[in-house]
Amino acid sequence: MATTFEHEPPYSVGYFIGSLSSESINRTLSKALIKLAPPEMEFVEIAIRDLPLYNRDLDIDYPPVARDFKAAIASVDALLFITPEYNRSVPGALKNALDWASRPWGQNALTGKPSAVIGASMGAIGTALAQQSLRGTLSFCNAPQMTAPEAYIHMTPGLITDDGEVTNEATAEFLRTYMNEFYDFVLRVLTVLPRK
Ligand code: FNR
């Protein structure tokens with residue numbers, strides 16, 4: 001019996017940049033990832049900068065900016081988190097965004113969304129602790145995560161140009177593989193968890 005797979009590409013990926021900086025190396029990394037991703041993936045940034053600080057008093061009537069933010073998450077097939085590490089953890093702006101996404105209770109926008117985590121740092125351990133912390137939050141929020149490969153990008157001057165060209169072929173190949181694996185992961189999750 002022939003079966004049809006109802007989740008045909010393209011797959012939309014909402015990506016979060018954990019940094020608000022205009023000179024963010026993680027934004028530069030995002031440009032490279034988008035260039036190296038399989039053509040079946042389409043990318044849209046889900047911006048976090050305009051969200052106020054989360055306050056559960058507002059659960060009863062979410063502000064429009066937070067409603068729009070949750071609607072943006074709902075509209076995509078998968079989520080990609082590209083984040084720096086701040087003081088060995090997730091930047092507050094990104095954690096704040098995840099808190100908004102997770103509430104009101106029972107209306108968690110992250111549940112069932114295939115997700116991946118990556119980050120760049122000038123430091124040698126390349127955001128490992130921020131990613132670990134972020135993974136804990138995504139687990140609690142019931143977002144299936146790609147657990148391997150991991151990617152801790154040690155950014156050096158000139159490694160990625162401002163428009164996202166990776167100048168080192170080994171790094172480019174590593175990031176290409178990472179995005180191919182993410183594509184496979186999204187496909188696997190969508191096969192068992194239907195799009196809403
Ligand atoms: C940092 N940085 C940093 N780096 C790191 O590897 N581990 C860390 O814990 C921290 N902590 C930290 C805290 C704060 C408040 C700042 C501003 C910076 C350095 C950080 O990796 C570097 O500034 C990156 O350039 C930040 O990423 P974006 O903003 O360029 O994407």
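One-based numbering, in listed order, for ligands and for the atoms of each.
With 3.5 Å as the limit, one finds a donor-acceptor pair spanning the side chains of D59 and Y54. Side chains of D163 and T161: a donor-acceptor N/O pair is present below 3.5 angstrom, by distance only.
In terms of protein heavy atoms, atom 24 (C) of ligand 1 is closest to I25 CD1, 3.9 Å. In terms of protein heavy atoms, atom 26 (C) of ligand 1 is closest to P84 CB, 3.6 Å. Looking only at heavy atoms of the protein, atom 31 (O) of ligand 1 is closest to S24 OG, 2.5 Å. Annotation: atom 17 (C) of ligand 1 to nearest protein heavy atom, Y86 CE1, 3.9 Å. With hydrogens left out, the protein atom closest to atom 11 (N) of ligand 1 is N87 N, 2.8 Å, a heavy atom. Nearest protein heavy-atom contact of atom 20 (C) of ligand 1 is E85 O, 4.2 Å. Looking from atom 9 (O) of ligand 1 to the surrounding protein, the closest heavy atom is R88 N, 2.7 Å.
When the heavy atoms of G123, A124, S121 are ranked by distance to atom 6 (O) of ligand 1, first place goes to S121.
Around the CD atom of Q132, the shell of radius 6.0 Å holds no more than 12 heavy atoms that belong to other residues, nucleotides or ligands.
Protein heavy atoms are found less than 4.0 angstrom from atom 1 (C) of ligand 1. Within a 4.0 Å radius of atom 29 (O) of ligand 1, the protein contributes at least one heavy atom.
Per-residue contacts place S19 under 4.0 angstrom from the following atoms of ligand 1 (heavy atoms of the residue considered): 28 (P), 29 (O), 31 (O). Every atom of ligand 1 is numbered from 1 in the order shown, and the set under 4.0 Å from a heavy atom of N26 is 27 (O), 28 (P), 31 (O).
The structure places CG of L98 at 10.0 Å from CG of N108, a figure rounded to the nearest 0.5 Å.
When each of N26, L129, L134, V90 is checked for a side chain to side chain contact (heavy atoms under 4.5 Å, CB included) with E85, only L129 meets the rule. Of the residues listed (M179, M41, E45), the one engaging L80 in a side chain to side chain contact (heavy atoms under 4.5 Å, CB included) is M179, and it is the only one.
Between K95 and D99, at least one side-chain N (NZ, or NE/NH1/NH2) sits under 4.0 Å from a carboxylate O, which counts as a salt bridge. Ion pairing of R67 with D61 is present here, as a side-chain N (NZ or NE/NH1/NH2) and a carboxylate O approach within less than 4.0 Å.
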